[in-house]
*Asks:* 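Handing you a structure now.
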Amino acid sequence: MANIIGSPERYVQGRGILGELCKHLQNIGKAPFILVSESGKGRVKEPIEKSAKEYNTKLSFEIFQGECSRNEIDRLVKVYKESGCDVVVGIGGGKIHDTAKALAFYAEAPVVIVPTIAGTDAPCSALSVIYTDDGAFEDYLFLPKNPNMVLVDTEVISSAPARLLVSGMGDALATYFEARACMQSNSPNFIGGYYTITSMAIARLCYDTLLANGIQALVSAQAKVCTKALENIVEANTYLSGIGFESCGIAAAHAIHNGFTAIHETHQCYHGEKVAFGTLTQLVLENASPEEFEEVINFCLDIGLPTTLEDLGIHEIKIDEIMKVAELACSPNDTMGNMPLTLTPEIVCDAIIATDKLGHYFKAKRL
């Protein structure tokens, strides 16, 4: 099997770039089908309409119903085919991105992804995570190609709630550690091959960028200003993490996240927040060095990522529920098998409990 790296055809990032959307669409499509939330539409409509007027572009807006589910995708395919549009544009967060990519696949259309938050690494990947209508993880939809373009307006992202940027850092935090696990187990990546030295270097750069710029970027986001540190973190959350996870693979951190989706209390948390706890649990499973574990958990505490089950909304620990999480994480259709060691639900359950206790320990040290 070959070594393969995947990426979008073009990545565009900068302040005010949303106002140039139709300019950048010129070689992709002339009639965009824009998938966006109701609230998101109000925030992005004006600069897009100004761009459309300048480039004589026909716009069609469609409101996302809230979940990247089979039913929502089927609904949108029908609407798109009746719209006369020739390119799908997904504007918003991770679930809109994944839905737009799936829609474009089934409708045989090009797709452009426009994040309004840097909350996940979904924008660049040839992958959609499918959930049930109730928000429980269902399956991965592997797509034949990456988005035609990812366009990131850092001015828009800097005005979003800071918690969303932090969630993106939680998702990006897993990139290097899961890539390393896949390298050690010689597991395939998401695009039918194995890691390259470039993709491993990108995964490591993602982690180093988080440590170097994370706190400064958080402060910038809290002040709603766009600084170089925030620009760097947006690129790490979106591009470095996206290329790193897809071209290297994922392992325990995301599998544990998927397991937690079965517990209703965790639905108040964002994807990256659960992934961050999953990353800590993966390090416990690996028996990582004390120095490495402390570096990661202190980073989580510094920027406000979950380190305990209570942080995930689980205020009463029920072993049978945690075992359910572990069983789902270890299911054959998930990625726990990419770990370079043999794991059972019992081992994973114990690691989750141990991670929670370590989280409380490190929090107490700061008091």
*Asks:* If you look only at distance, which donor and acceptor atoms sit under 3.5 Å apart when one is on a side chain in residues 53-62 and the other is two or more places apart or in another chain?
*Replies:*
{"residue": "T57", "atom": "OG1", "partner": "Y55", "partner atom": "O", "Å": "3.4"}
{"residue": "E62", "atom": "OE2", "partner": "R75", "partner atom": "NH1", "Å": "2.8"}

*Asks:* Not counting sequence neighbours, which residues clear side-chain contact (heavy atoms from CB on, under 4.5 Å) with S39? List them please.
*Replies:* S37, R43
*Asks:* Got a sec, which residues hit side-chain contact (heavy atoms from CB on, under 4.5 Å) with L205, two or more places apart in sequence or on another chain?
*Replies:*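 Per chain and number, L205 pairs via side-chain contact (heavy atoms from CB on, under 4.5 Å) with T209, L240.
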*Asks:* Given 3.5 Å as the limit, does a donor-acceptor pair link the side chain of K101 with the main chain of A122, or not?
*Replies:* yes
*Asks:* In chain order, what residues pass the side-chain hydrogen bond (donor to acceptor under 3.5 Å, both in side chains) check against T99, with sequence neighbours excluded?
*Replies:* none
*Asks:* Do any side-chain atoms of residues 352-362 form donor-acceptor pairs under 3.5 angstrom with protein atoms, and if so which ones, sequence neighbours left out?
*Replies:*
{"residue": "T355", "atom": "OG1", "partner": "T281", "partner atom": "OG1", "Å": "3.3"}
{"residue": "T355", "atom": "OG1", "partner": "A351", "partner atom": "O", "Å": "2.7"}
{"residue": "D356", "atom": "OD1", "partner": "L309", "partner atom": "N", "Å": "2.8"}

*Asks:* Scan residues 261-286 for pairs that pass ring-ring contact (aromatic ring centres under 6.0 Å, His included), counting only residues two or more places apart or in two chains.
*Replies:* H254-H271, H257-H271, F260-F277, H264-H267
*Asks:* Report the residues that fulfil side-chain hydrogen bond (donor to acceptor under 3.5 Å, both in side chains) with R70, sequence neighbours left out, ordered by chain and then residue number.
*Replies:* Y106
*Asks:* Tell me, please, which residues at least two apart from T279 pass side-chain contact (heavy atoms from CB on, under 4.5 Å).
*Replies:*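 T279 satisfies side-chain contact (heavy atoms from CB on, under 4.5 Å) with L173, A174, F177, A253, V275 once adjacent residues are dropped.
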*Asks:* Strictly by ring-ring contact (aromatic ring centres under 6.0 Å, His included), give each pair with a member in residues 9-41 just once, sequence neighbours left out.
*Replies:*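 Found Y11-Y239, F33-Y80.
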*Asks:* In residues 291-301, what donor-acceptor pairs under 3.5 Å come from side-chain atoms, sequence neighbours left out?
*Replies:*
{"residue": "E292", "atom": "OE1", "partner": "R180", "partner atom": "NH2", "Å": "3.1"}
{"residue": "E292", "atom": "OE2", "partner": "R180", "partner atom": "NH1", "Å": "2.8"}
{"residue": "E295", "atom": "OE1", "partner": "Y207", "partner atom": "OH", "Å": "2.6"}
{"residue": "N298", "atom": "OD1", "partner": "R366", "partner atom": "NH2", "Å": "3.3"}
{"residue": "N298", "atom": "ND2", "partner": "E294", "partner atom": "O", "Å": "3.0"}

*Asks:* Hey, can you pull the donor-acceptor pairs under 3.5 Å for the side chains in residues 217-224, sequence neighbours left out?
*Replies:*
{"residue": "S220", "atom": "OG", "partner": "Q216", "partner atom": "O", "Å": "3.0"}
{"residue": "S220", "atom": "OG", "partner": "T227", "partner atom": "OG1", "Å": "2.7"}
{"residue": "K224", "atom": "NZ", "partner": "S159", "partner atom": "O", "Å": "3.1"}

*Asks:* Give the table of side-chain donor-acceptor pairs shorter than 3.5 Å for residues 316-331, with sequence neighbours excluded, one pair per line with atom names and distance.
*Replies:*
{"residue": "S331", "atom": "OG", "partner": "L328", "partner atom": "O", "Å": "2.8"}
{"residue": "S331", "atom": "OG", "partner": "N333", "partner atom": "OD1", "Å": "2.8"}

*Asks:* Between D133 and S69, do the side chains contain a donor N or O and an acceptor N or O under 3.5 Å apart?
*Replies:*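 A donor-acceptor contact under 3.5 Å links the two side chains.
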